[in-house]
2 protein chains.
Amino acid sequence: MSRGKVTIADVAERAGVNASTVSRVVNGTASLSPDTTARVQRAIAELGYRPNRAARHLAGGRTGAIGIVVPDLTNPFFATIVRGAQHAAHDAGELTLVADSESRGRGEVELSAMLARDVDGLVLCSPTSPAGQLRGAVTGRPAVLVNRQARGWPSVVADQAQAVEVAFDDVRSQGHERIAYVRGPSNKWTSSVRDRVAARLGAVLVGPFAPTFAGGAEAAEVLDDDVTAVITHNDLMAVGLIDALLRKGRRVPRDLSVLGCDDIEIAALTRPRLTSVAMPLEELGATAVGLLLDLIARPAPDVDSLHRTLPVWLVARDSTARPK
Amino acid sequence: MSRGKVTIADVAERAGVNASTVSRVVNGTASLSPDTTARVQRAIAELGYRPNRAARHLAGGRTGAIGIVVPDLTNPFFATIVRGAQHAAHDAGELTLVADSESRGRGEVELSAMLARDVDGLVLCSPTSPAGQLRGAVTGRPAVLVNRQARGWPSVVADQAQAVEVAFDDVRSQGHERIAYVRGPSNKWTSSVRDRVAARLGAVLVGPFAPTFAGGAEAAEVLDDDVTAVITHNDLMAVGLIDALLRKGRRVPRDLSVLGCDDIEIAALTRPRLTSVAMPLEELGATAVGLLLDLIARPAPDVDSLHRTLPVWLVARDSTARPK
DNA sequence: CTGAAAGCGCTAACAA
DNA sequence: TTGTTAGCGCTTTCAG
């Protein structure tokens with residue numbers, strides 16, 4: 001109830017124990033008698049005690065916060081991952097420090113280095129920097145990669161291979177045979193996986209192009225005439241592609257089926273509404289934080305086995321249909 | 001250069017002074033001889049000293065962080081404000097704690113209360129909670145409101161009246177006379193201002209509707225036949241409205257001009273591309289932080305005069321044209 | 001103008 | 001199982 005200035009000493013006095021005992025029940029750091037535990041907990045509740053983060057940090061080394069670095073916070077794709085991460089972190093009583101790297105000069109590396117001092121660990125989303133530089137930036141703090149895998153780093157990724165596969169399954173099952181895949185930026189880990197899988201599945205690869213509306217529009221210019229379905233690196237490109245196609249007088253999906261990836265909001269707002277592959281964005285963030293908290297609690301046993309892959313799924317809409 | 005474990009004592013030793021002296025030059029807390037100042041600064045540089053936030057917080061009371069509460073981080077509108085705020089904060093050496101209130105049960109009030117303990121001040125974006133409750137939540141910390149004004153609170157807002165005015169000016173100058181204004185949620189401060197201005201300018205008010213694609217589509221059903229231009233509360237509604245209109249066989253802008261508000265990314269991606277009123281989003285965030293930092297440095301003289309209004313501007317695209 | 005000393009609130013040995 | 005004792009790194013009186 002009281003006004004936030006309650007210290008551990010107040011609780012100790014109220015419960016008739018020593019401050020360190022209070023610390024122990026709060027942190028579960030030792031075995032206490034049920035009796036004292038109860039008394040302390042009651043005192044905590046009555047006083048409305050909440051441990052002071054700064055003091056904790058100073059004394060124990062743990063900051064009680066985790067850092068999340070994303071390329072672009074204004075991109076709902078990343079913002080959603082952040083949201084998932086924040087939920088998980090807050091549920092665990094950890095604060096979150098979010099930073100976006102693309103905006104402004106500061107890159108992932110510099111930003112991570114800045115944050116590293118003030119957090120117990122880091123979640124790095126879709127980082128493109130060399131793994132070595134990242135390693136240096138996190139200065140001993142545990143870190144988990146999201147949507148990228150690299151030797152020596154724990155990671156949580158959406159199943160990129162499956163993403164391409166479900167997309168192909170969908171159009172193939174509708175009868176399409178000549179299928180194009182529009183590549184995204186080649187420096188992204190997700191791209192490298194998808195490109196490879198698309199190639200394996202027999203797609204006609206075009207690109208790479210920028211992962212934007214304009215990039216998709218460009219792709220429209222280089223599509224073979226006999227292609228009846230096209231899968232793009234992401235939804236924005238798909239929307240740009242469709243727009244360009246429409247302007248050239250081609251009908252979607254009548255002449256050409258188009259399939260996006262990521263299932264961002266815009267996919268459902270365009271005409272035709274875009275069929276897309278949805279990613280478990282919030283879960284990606286939440287899982288990453290879960291892994292990170294484990295790592296913070298008990299430092300890495302065998303980091304290289306700490307890879308988690310989350311399933312994706314198709315969301316069918318109007319931009320795909322049987323070929324003529 | 002060294003590994004982040006440099007303390008104020010190290011610097012003091014290197015510079016041949018007392019730790020408190022180092023503290024003074026770092027904080028500019030007293031007048032020092034140019035000589036010692038220089039020596040200390042050199043030591044700081046050579047050692048790569050960076051003050052420890054937790055220690056600072058514990059000793060001095062300042063956390064070195066500010067909190068930013070937004071309704072929905074996955075909405076690029078707010079994410080952009082956050083970005084602006086982060087830039088300003090980081091430039092001032094402050095960390096930022098971002099929280100979004102809509103996702104999950106936690107409302108603005110609860111979230112602000114949680115954050116308040118760990119920050120020096122708060123930026124509250126478009127809060128809808130009663131001012132009284134907010135007041136309680138920030139527990140003595142300074143706070144500034146973004147896109148809302150309320151007695152007793154400093155604020156930074158985009159000029160809502162001007163937003164409606166420039167929209168009207170645009171369509172009026174093209175010759176439109178019967179103009180509808182589609183209202184957004186009535187519990188938002190921005191809505192209250194816009195609705196009032198729209199009414200004053202002689203618009204036909206419809207709504208309120210949800211500030212979404214679906215909300216805009218609904219509005220399409222209740223538009224008078226003699227209206228030749230319609231201005232909506234936001235871009236998403238405009239896009240939904242246009243979509244619904246198109247499905248009913250009406251042409252945009254040939255039959256009806258549509259004008260959105262906020263100028264979010266999607267505005268430029270639809271066909272027709274949406275004419276919209278752009279808001280200085282990043283600047284809104286940055287200005288709010290600037291104000292907040294002032295308030296933190298020297299507590300409120302006359303809070304009620306601390307209102308800042310930023311200009312908005314029209315971005316003309318294809319969804320508006322002269323009436324038939 | 002600068003040094004010395006006392007904590008801020010908490011955790012972590014070390015005893016008991 | 002619990003109390004005692006030191007600090008963590010910094011700011012801030014208070015002297016000088």
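Per chain, numbering begins at 1; letters A, B, ... match sequence-line order. Keep in mind that the numbers below use all heavy atoms, side chains included, and drop hydrogens, waters and symmetry copies. Predicted model, so just to flag it, every value in this text is computed and none were measured.
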task = Determine whether any donor atom in the side chain of R53(A) lies under 3.5 Å from an acceptor atom in the base of dG9(C), or the reverse, and answer yes or no.
result = no
task = Go through the steps for R83(B) and D100(A) under the test salt bridge (Lys or Arg N to Asp or Glu O under 4.0 Å), then give the verdict.
result = CA-CA 8 Å; R83(B) 166 180 286 178; D100(A) 71 324; 2.9 Å; yes
inquiry  = Taking any heavy-atom pair under 4.0 Å as a contact, classify V22(B): base, sugar-phosphate, or nothing.
reply    = nothing
ask   = Q86(B) and T96(B): which non-hydrogen atoms are nearest, and at how many Å?
value = NE2-OG1, 3.2 Å
key: Any S23(B) side-chain nitrogen or oxygen under 4.0 Å from OP1 or OP2 of dT11(D)   = yes
message = Distance check needed: dG9(C) P versus D10(A) CG, whole Å only.
response = 9 Å
message = What's the closest nucleotide to the side chain of R24(A) if the choices are dT4(D), dC10(D), dC10(C)?
response = dT4(D)
key: Distance in angstrom units between K5(A) NZ and dC10(C) C1', rounded   = 14 Å
query = Is there a donor on the side chain of S20(A) or the base of dT4(D) sitting less than 3.5 Å from an acceptor on the other?
reply = yes
ask   = Does a donor on one side chain sit under 3.5 Å from an acceptor on the other, for S23(A) and S20(A)?
value = no
message = Here's one to test your reading of the geometry: is the NZ or CZ of R135(B) within 45 degrees of the ring axis of W153(B) and under 6.0 Å from its centre?
response = yes
Write out a two-atom table: protein N or O, nucleotide N or O from nucleotides 6-8 of chain C, distance below 3.5 Å.
unit_1: dC8(C); atom_1: O2; unit_2: L58(B); atom_2: O; d: 3.2
unit_1: dC8(C); atom_1: O2; unit_2: A59(B); atom_2: N; d: 3.1

ask   = Could you give the CD-to-C1' distance, from E13(B) to dG3(C), as a whole number of Å?
value = 16 Å
ask   = Which part of the nucleic acid does V17(A) contact within heavy-atom distance under 4.0 Å: base, sugar-phosphate only, or nothing?
value = sugar-phosphate
query = Is any N or O donor-acceptor pair between the side chain of R50(B) and the base of dG9(D) shorter than 3.5 Å?
reply = no
ask   = What salt bridge (charged side-chain N to carboxylate O under 4.0 Å, His left out) pairs are there with at least one residue in residues 6-34 of chain A, not counting sequence neighbours?
value = R14(A)-E46(A)
query = Atom CZ of R56(B) and atom P of dC10(D): how far apart are they, to the nearest Å?
reply = 8 Å
inquiry  = Set out, in order, the CA-CA distance, both residues' side-chain angles and the distance that settles side chain to side chain donor-acceptor pair (under 3.5 Å) for S155(A) and H307(A), then state yes or no.
reply    = CA-CA 5 Å; S155(A) 68; H307(A) 290 304; 2.6 Å; yes
request  = Look at all strands and tell whether T29(A) reaches a base, only sugar-phosphate, or nothing, counting heavy atoms closer than 4.0 Å.
outcome  = nothing
request  = In whole angstrom, give the distance that lies between atom CD1 of I44(A) and atom C1' of dC10(C).
outcome  = 13 Å
ask   = Looking at T21(A), does any N or O in its side chain come under 4.0 Å of the phosphate oxygens OP1/OP2 on dT2(D)?
value = no
remark   = Considering only heavy side-chain atoms of N18(B), the closest of dT2(D), dC1(C), dA4(C) is dA4(C)
query = With a 3.5 Å cut-off and no angle check, do the side chains of N27(B) and R56(B) form a donor-acceptor pair?
reply = yes
inquiry  = So, does N52(B) get its side chain near the phosphate of dC8(D), meaning an N or O under 4.0 Å from OP1 or OP2?
reply    = no
request  = Would you kindly give the OH-to-C1' distance between Y49(A) and dT11(C), to the nearest whole Å?
outcome  = 10 Å
